[in-house]
Amino acid sequence: ASKAILDACDRCGILVMDENRQYNTAETDGLKQVRDMVMRDRNHPSVVMYSLFNEEPLQGTYTGRKLAMRLKGAVEEHDCTRFTLGAMNNGLLDEDGAYDICDITGINYQTNMYDEFHEKFPELPAVGSENCSAFMTRGCYETDHSKNVIDMFDSECASWGNTYRDGFLQIKKRDNIMGYFVWTGFDYRGEPTPFAYPSVSTQFGILDTCGFKKSAYYLNKSFWTDEPVIHIVSHWNYV
């Protein structure tokens, strides 16, 4: 994250998972980047946890386990006050993997694994480290795949994800999952799933690329705040 983003999070009270992107322990590459991240960001009160990896192929292996141990050690050299986690999209039940090395087990999507994971490892804290991947096109109230647009009624999501309503429900009904991070806050260029060119931007965002609100904004606000929310969208039957 840029310093400007972290400064804004400090001011606004937004909690940050600060994430490493190199899953290796070469002294001049992987370990140095983790140490630099911690040294740079540890005085930001918004940073509440460090993520050591995200969806790495080695995450469910013994090699991945050893990598996570060394990366966690590099974090703790400079900051032992924050939690660490790894964002796993596979290997959750592989006992040689990195699932229990960090303070928190991060689970990317895989909501169908929540109960099995908790049954096997009931003492491990877990968080949804990447969830939903729901689709919406701002200002569109009727899906038309020929025009690469999707309605704003929370009707579609990626094959690996959940709609906002379902994603919220999976967390709400389980006390052992502390919460989740939604993919994504904003639309961004690239990854135009489920479409291809000429689409050049995602449909995942709660807000569009310019920061204008989709109906997902009000939906999430109603889920996660105590403030009463009323937001009127277009009718859904077009009669």
Side-chain angles (χ1 to χ4, degrees), residues 14 17 19 51 54-57 59 87-92 106-118 126-174 176-225 227-239:
I14 297 173
M17 175 177 66
E19 188 165 80
S51 175
N54 188 336
E55 300 189 359
E56 296 292 341
Q59 61 196 333
M88 301 188 68
N89 71 327
N90 212 330
L92 272 175
I107 303 176
N108 284 12
Y109 309 104
Q110 302 180 96
T111 55
N112 62 312
M113 298 287 291
Y114 284 170
D115 294 336
E116 188 175 0
F117 178 79
H118 183 57
V127 66
S129 40
E130 188 175 314
N131 287 61
C132 291
S133 286
F135 302 138
M136 287 189 187
T137 307
R138 186 178 69 84
C140 294
Y141 297 99
E142 185 173 15
T143 296
D144 187 341
H145 282 238
S146 70
K147 296 180 180 178
N148 289 16
V149 296
I150 296 177
D151 68 59
M152 292 207 302
F153 297 125
D154 194 31
S155 61
E156 295 189 38
C157 64
S159 59
W160 59 83
N162 306 79
T163 62
Y164 291 110
R165 288 180 178 86
D166 184 52
F168 172 74
L169 179 63
Q170 299 308 317
I171 302 299
K172 180 177 172 57
K173 67 184 182 182
R174 293 179 173 88
N176 59 297
I177 306 294
M178 65 180 68
Y180 64 29
F181 293 85
V182 173
W183 188 268
T184 57
F186 290 80
D187 284 339
Y188 56 92
R189 287 182 64 84
E191 295 190 315
T193 310
F195 305 122
Y197 186 83
S199 289
V200 295
S201 180
T202 67
Q203 304 277 345
F204 299 131
I206 294 173
L207 301 95
D208 73 5
T209 312
C210 296
F212 292 108
K213 301 167 185 174
K214 304 180 186 180
S215 60
Y217 173 90
Y218 302 98
L219 195 57
N220 278 278
K221 186 175 183 180
S222 70
F223 292 155
W224 295 108
T225 73
E227 180 182 343
V229 176
I230 296 177
H231 178 66
I232 299 174
V233 297
S234 170
H235 56 79
W236 58 89
N237 55 16
Y238 296 95
V239 175

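Treat the numbers as computed from the prediction; the structure is a model and nothing was measured. Each residue takes its place number in the sequence, starting with 1.
- Closest approach of Asn176 and Tyr114 over heavy atoms only: ND2-O, 4.3 Å.
- Atom OG of Ser159 is separated from atom OH of Tyr109 by 10.5 Å, given to the nearest 0.5 angstrom.
- Contact between Glu19 and Ser51 at its shortest, heavy atoms only, is OE2-OG, 2.9 Å.
- Residues Gln59 and Asn89 have side chains that bring a donor and an acceptor to within less than 3.5 angstrom of each other.
- Here the closest heavy-atom approach between residue Pro198 and residue Asn148 is recorded as CD-ND2, 4.3 Å.
- The shortest non-hydrogen separation linking Phe204 to Glu191 is CE1-O, 4.2 Å.
- The residue from Asp154, Asp187, Asp208 that alone fulfils the salt bridge (Lys or Arg N to Asp or Glu O under 4.0 Å) condition with Lys214 is Asp187.
- The shortest non-hydrogen separation linking Gly167 to Tyr180 is O-CE2, 3.2 Å.
- Here the straight-line distance linking atom CG of Leu92 with atom CE of Met113 works out to 5.5 Å at 0.5 Å rounding.
- One distance of note links CD1 of Ile232 with OG of Ser215; it measures 13.5 Å at 0.5 Å rounding.
- Shown here are the side chain to side chain donor-acceptor pair (under 3.5 Å) partners of Asp166, two or more places apart in sequence or in another chain: Asn162, Gln170.
- Classified by interplanar angle (parallel below 30°, tilted 30° to 60°, perpendicular above 60°), the ring pair Tyr218/His231 is parallel.
- Note that CG of Asn108 and CE of Met88 are 9.5 Å apart. Values are rounded to the nearest 0.5 Å.
- In this structure, the separation between CZ on Arg165 and CG on Asn220 is 10.5 Å, given to the nearest 0.5 Å.
- Atom CH2 of residue Trp183 and atom OG of residue Ser129 lie 11.5 Å apart, to the nearest 0.5 angstrom.
- A donor-acceptor pair is defined here as one N or O able to donate and one able to accept, closer than 3.5 Å; no such pair exists between the side chain of Thr163 and the backbone of Cys157.
- Under the 4.5 Å side-chain criterion, counting only non-hydrogen atoms from C-beta, Leu207 is in contact with Lys213.
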Could you go step by step and tell me if Phe153 and Thr143 meet the side chain to side chain contact (heavy atoms under 4.5 Å, CB included) rule? CA-CA 10 Å; Phe153 297 125; Thr143 296; over 6 Å; no
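- Side chains of Glu55 and Glu130 form a contact here, defined as non-hydrogen atoms less than 4.5 Å apart.
- Other residues, nucleotides and ligands contribute over 12 non-hydrogen atoms within 6.0 Å of the NZ atom of Lys173.
- In plain terms, the two heavy atoms of Val149 and Glu142 that are nearest each other are CG2-O, 4.1 Å.
- A search for ring pair (Phe, Tyr, Trp, His ring centres under 6.0 Å) contacts involving Phe168 returns Phe223, Trp224, not counting sequence neighbours.
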